[in-house]
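The structure appears right after this line, and notes come after that.
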2 protein chains.
Amino acid sequence: MTNRASLQDIADQLGITKMTVSRYFRTPEKVAPATREKIAQAVKQSGYIHNRAPALMSKALSRTVGVVIPSLSNQVFSALVDGIETITNAEAFDILLAHSGYDPHIEERKIEMLLSYQVDGLILCETEHTERTRTMLKQAGIPVVECMELPESPLDMVVGLDHKAAAFDAVSRMIKSNKRRIVYLAARLDRRTMLRQQGYEQAMWEAGLTPQIVATPFQSSFSQGGSLLKQALDTFDRLDGIFCTNDDLAVGAMQFCQNAGIRVPDDLAVMGYNGLDIGLTMQPPLTSVVTPRQAIGIKSARLIIDVINGKPRKEKLFDLGFSYTDGHSLG
Amino acid sequence: MTNRASLQDIADQLGITKMTVSRYFRTPEKVAPATREKIAQAVKQSGYIHNRAPALMSKALSRTVGVVIPSLSNQVFSALVDGIETITNAEAFDILLAHSGYDPHIEERKIEMLLSYQVDGLILCETEHTERTRTMLKQAGIPVVECMELPESPLDMVVGLDHKAAAFDAVSRMIKSNKRRIVYLAARLDRRTMLRQQGYEQAMWEAGLTPQIVATPFQSSFSQGGSLLKQALDTFDRLDGIFCTNDDLAVGAMQFCQNAGIRVPDDLAVMGYNGLDIGLTMQPPLTSVVTPRQAIGIKSARLIIDVINGKPRKEKLFDLGFSYTDGHSLG
DNA sequence: ATTATAAATGTTACGAGTAACATACACGGC
DNA sequence: GCCGTGTATGTTACTCGTAACATTTATAAT
């Protein structure tokens with residue numbers, strides 16, 4: 001907008017060339033201490049702000065990684081970003097953040113925007129992409145990590161966990177606690193939700209039980225958890241367990257139980273997914289599958305930066321597994 | 001990284017100049033339909049991705065607004081960003097998102113990054129800034145909106161609400177419901193939390209009551225709500241109400257009540273702040289101050305873009321007020 | 001047909017930091 | 001005093017999409 005100070009302005013003021021000033025910012029040790037001092041002074045006084053545009057035009061690195069998360073109000077992704085920034089901060093990279101609202105077309109638009117800023121790498125949290133997204137990313141020739149799950153046809157690198165296996169294990173636990181009539185509660189039927197459903201179904205069939213599902217396409221929420229459980233109770237007789245596709249639903253369902261006088265876990269076992277803080281404040285504390293999202297972020301950023309630095313790994317897929325919260329809602 | 005296709009590449013391929021291709025993207029109606037068709041073909045085939053860098057170098061607009069939110073896992077800010085994007089999408093602006101973790105120094109770094117990308121405007125969610133942040137923003141000469149609250153020394157424009165007044169009103173309501181021994185529960189003692197405390201204190205003093213505060217500097221969370229309430233009950237006799245600085249604390253506190261056999265609102269009235277969904281799933285539903293965050297986002301983006309388009313308003317401060325959720329936790 | 005006007009495309013210059021290479025200068029060792 | 005080495009700084013060329021202006025081509029109006 002208005003004319004910000006440029007390197008040239010500072011150089012003119014000191015009777016040196018902008019090259020020296022440029023060096024001052026990027027390799028200060030190559031500038032004489034006396035000059036360094038003078039420049040520091042002038043920079044401070046002029047309030048110079050770095051301008052990336054010309055640097056982006058040279059084929060140099062932008063030292064920026066693009067990150068696309070599905071939602072801005074989900075602790076899963078904020079922990080993921082925290083993990084990413086641990087690494088990027090240490091390596092003097094910036095991140096450029098965008099959110100897709102779980103929509104592949106919005107993801108496409110955001111990726112296009114990030115690429116237009118010449119990011120050196122991309123971290124994505126979804127595995128469903130538009131055709132154009134795949135084309136663009138191929139063209140871009142930068143490292144890409146898909147994180148959180150293990151896609152069937154990865155774009156490039158993958159860091160995540162097997163949600164089907166996690167769900168299978170979680171439901172098997174419930175069955176081991178002598179629960180038999182277990183319903184799967186689901187919302188926003190995205191891919192990860194469907195994978196968990198598959199794990200649930202497999203565990204049920206293998207135990208000789210019949211899977212029963214109550215789902216809504218709407219965004220998951222606490223209140224949704226209550227209404228889905230109500231619907232499940234109305235539809236199926238003598239339920240003794242619910243496996244919820246995330247903790248929001250699980251907590252909502254547990255609240256419904258409290259209000260309806262249903263005892264957890266004696267009358268109804270509840271299994272959540274993600275291991276959020278709120279689950280542990282319930283009475284009894286919610287048992288929940290914990291996804292290692294911070295570790296996923298760290299690993300993803302590490303991989304991206306290694307590739308940028310010319311140290312590509314042979315291995316491209318990293319399964320970081322899962323664990324459980326220390327809850328008592330299973331019986 | 002690898003050599004992406006440039007406008008020149010496409011132009012060469014078609015025997016035209018890059019200028020025509022550039023026009024095709026920005027003002028397609030000025031390109032002959034036949035040419036348009038040919039370019040569309042070539043663009044698709046080459047997988048061309050726009051490169052913003054040269055455009056950022058011309059003094060043209062970047063058509064990008066920077067947004068710095070404090071947290072990536074707070075519905076308040078995701079709703080705010082939703083509001084912002086309603087407008088930016090309609091006006092063909094992009095947003096560049098960053099998060100500060102409520103830390104003015106991180107905010108400074110993120111603002112510096114956004115400015116280095118030549119954003120045309122900035123939306124900030126905090127009012128505490130470092131000295132350098134203020135200098136940079138003055139230098140930058142772009143419109144800035146501080147949103148959510150009403151700062152004492154605004155940088156430029158402001159869209160928010162008066163948290164002190166809201167807290168005053170909320171606590172006055174509790175007092176009108178014949179609650180007398182009301183404690184303020186607070187976490188992460190940021191400016192907005194302190195403002196609410198002031199409103200609380202004023203309401204108490206004006207009613208001839210003594211304010212009592214239980215606070216923790218740690219990040220607010222559901223479990224924190226329970227322990228703060230426990231601490232309050234241990235410290236003060238015969239509490240009959242709590243005013244919580246946000247819904248996380250309020251919900252945690254209500255869960256504590258349920259577990260401890262404290263009846264809400266008969267034994268204890270609970271007032272929350274923000275009006276999140278989860279509060280309404282409680283039994284009884286939580287009464288909470290609703291902040292108009294989506295509207296704040298819309299208004300903020302509107303103002304920024306108006307100024308960018310050369311239509312500055314005389315008015316610089318917009319108080320969008322507050323309302324209440326339809327809860328029953330007051331009595 | 002002839003000029004006026006509009007539509008389509010082309011030409012030129014520009015922006016601001018940086019890589020690669022070039023030069024100047026200081027200092028120590030002989 | 002001369003040379004070699006290294007440090008500090010300067011010079012030049014480059015990046016590529018776009019604004020502003022120029023030119024060509026098509027269309028309409030008399």
Side-chain angles (χ1 to χ4, degrees), chain A residues 1-40 42-43 46 48-64 112-113 115-118 120 139-140, chain B residues 1-40 42-43 46 48-64 92 94 112-113 115-118 120 139-140:
Chain A
M1 288 257 77
T2 39
N3 297 338
R4 305 218 290 235
S6 69
L7 287 188
Q8 189 68 62
D9 294 337
I10 295 173
D12 288 350
Q13 191 189 318
L14 297 174
I16 55 179
T17 61
K18 58 183 179 168
M19 197 60 224
T20 306
V21 186
S22 172
R23 267 191 278 258
Y24 163 81
F25 283 109
R26 293 173 304 117
T27 51
E29 71 280 2
K30 289 189 180 162
V31 176
T35 317
R36 214 146 60 195
E37 199 49 48
K38 278 195 298 177
I39 297 176
V43 165
S46 73
Y48 174 76
I49 305 161
H50 179 64
N51 178 359
R52 284 176 118 94
L56 292 179
M57 290 190 61
S58 66
K59 73 227 82 198
L61 291 177
S62 63
R63 296 195 80 78
T64 303
E112 193 174 3
M113 181 192 75
L115 289 175
S116 79
Y117 279 109
Q118 316 293 108
D120 296 331
Q139 247 275 319
Chain B
M1 291 251 76
T2 41
N3 297 338
R4 305 218 293 232
S6 69
L7 286 189
Q8 189 67 64
D9 294 337
I10 294 173
D12 288 351
Q13 192 188 318
L14 299 173
I16 57 178
T17 61
K18 57 182 179 168
M19 197 60 224
T20 305
V21 185
S22 172
R23 267 191 279 258
Y24 164 80
F25 283 110
R26 293 172 305 114
T27 49
E29 71 281 4
K30 289 188 180 165
V31 177
T35 317
R36 213 147 60 196
E37 198 51 47
K38 278 195 298 177
I39 296 176
V43 165
S46 72
Y48 174 76
I49 304 162
H50 179 64
N51 178 0
R52 283 177 119 95
L56 292 180
M57 289 189 60
S58 66
K59 71 227 83 201
L61 291 177
S62 64
R63 296 195 79 77
T64 302
D94 280 318
E112 194 175 4
M113 182 193 76
L115 290 176
S116 79
Y117 279 110
Q118 316 292 110
D120 296 330
Q139 248 274 317

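Numbers restart at 1 for each chain; the letters A, B, ... are given by sequence-line order, proteins then strands. Both backbone and side-chain heavy atoms feed into the values below; hydrogens, waters and symmetry mates do not.
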> Does some side-chain heavy atom of B/Ser116 sit less than 4.5 Å from a side-chain heavy atom of B/Glu112?
Replying inline: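 B/Glu112 vs B/Ser116: side chains apart.
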Atom [atom1] of [X] to atom [atom2] of [N]: distance rounded to whole Å?
| X | N | atom1 | atom2 | result |
| --- | --- | --- | --- | --- |
| B/Leu56 | D/dA19 | CG | P | 12 Å |
| A/Asp12 | C/dG17 | CG | C1' | 14 Å |
| A/Ile39 | C/dG17 | CD1 | P | 13 Å |
| B/Gln8 | D/dG17 | CD | P | 9 Å |
| A/Ile49 | C/dG17 | CD1 | C1' | 16 Å |
| A/Arg26 | C/dA16 | CZ | P | 17 Å |
| A/Phe25 | C/dG17 | CZ | C1' | 11 Å |
| B/Leu7 | D/dC16 | CG | P | 10 Å |

Can you list, pair by pair, the side-chain donor-acceptor contacts under 3.5 Å of residues 28-40 of chain A, counting residues two or more places apart and other chains?
unit_1  : atom_1 : unit_2  : atom_2 : d
A/Arg36 : NH1    : A/Pro28 : O      : 2.8
A/Arg36 : NH1    : A/Val31 : O      : 3.1

For [X] and [Y], indicate whether the former's side chain and the latter's backbone hold a donor-acceptor pair under 3.5 Å.
| X | Y | result |
| --- | --- | --- |
| A/Asp12 | A/Asp9 | no |
| B/Gln139 | A/Ser46 | yes |
| B/Asp94 | B/Thr64 | no |
| A/Ser62 | A/Gln118 | yes |
| B/Arg4 | B/Tyr48 | no |
| B/Asp120 | B/Leu61 | no |

>> Looking at D/dC16, I'd like to know if its phosphate oxygens (OP1 or OP2) sit under 4.0 Å from a side-chain N or O belonging to B/Ser6.
In response: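 Answer is no, no contact under 4.0 Å.
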> Is any side-chain nitrogen or oxygen of B/Tyr24 closer than 4.0 Å to OP1 or OP2 of D/dG17?
Replying inline: no
> For the helix from C/dA1-D/dT30 to C/dC30-D/dG1, how many degrees between its two end axes (five pairs per end), to the nearest 10°?
Replying inline: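 For the helix from C/dA1-D/dT30 to C/dC30-D/dG1, the axes at opposite ends meet at about 30°.
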> Could you run down nucleotides 7-15 of chain C 5' to 3' and tag each one B, S or - for protein heavy-atom contact under 4.0 Å?
Replying inline: -SBBB---B
> Parallel, tilted or perpendicular for A/His50 and A/Phe25, by the 30°/60° rule?
Replying inline: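 Plane angle between 30° and 60°, so tilted.
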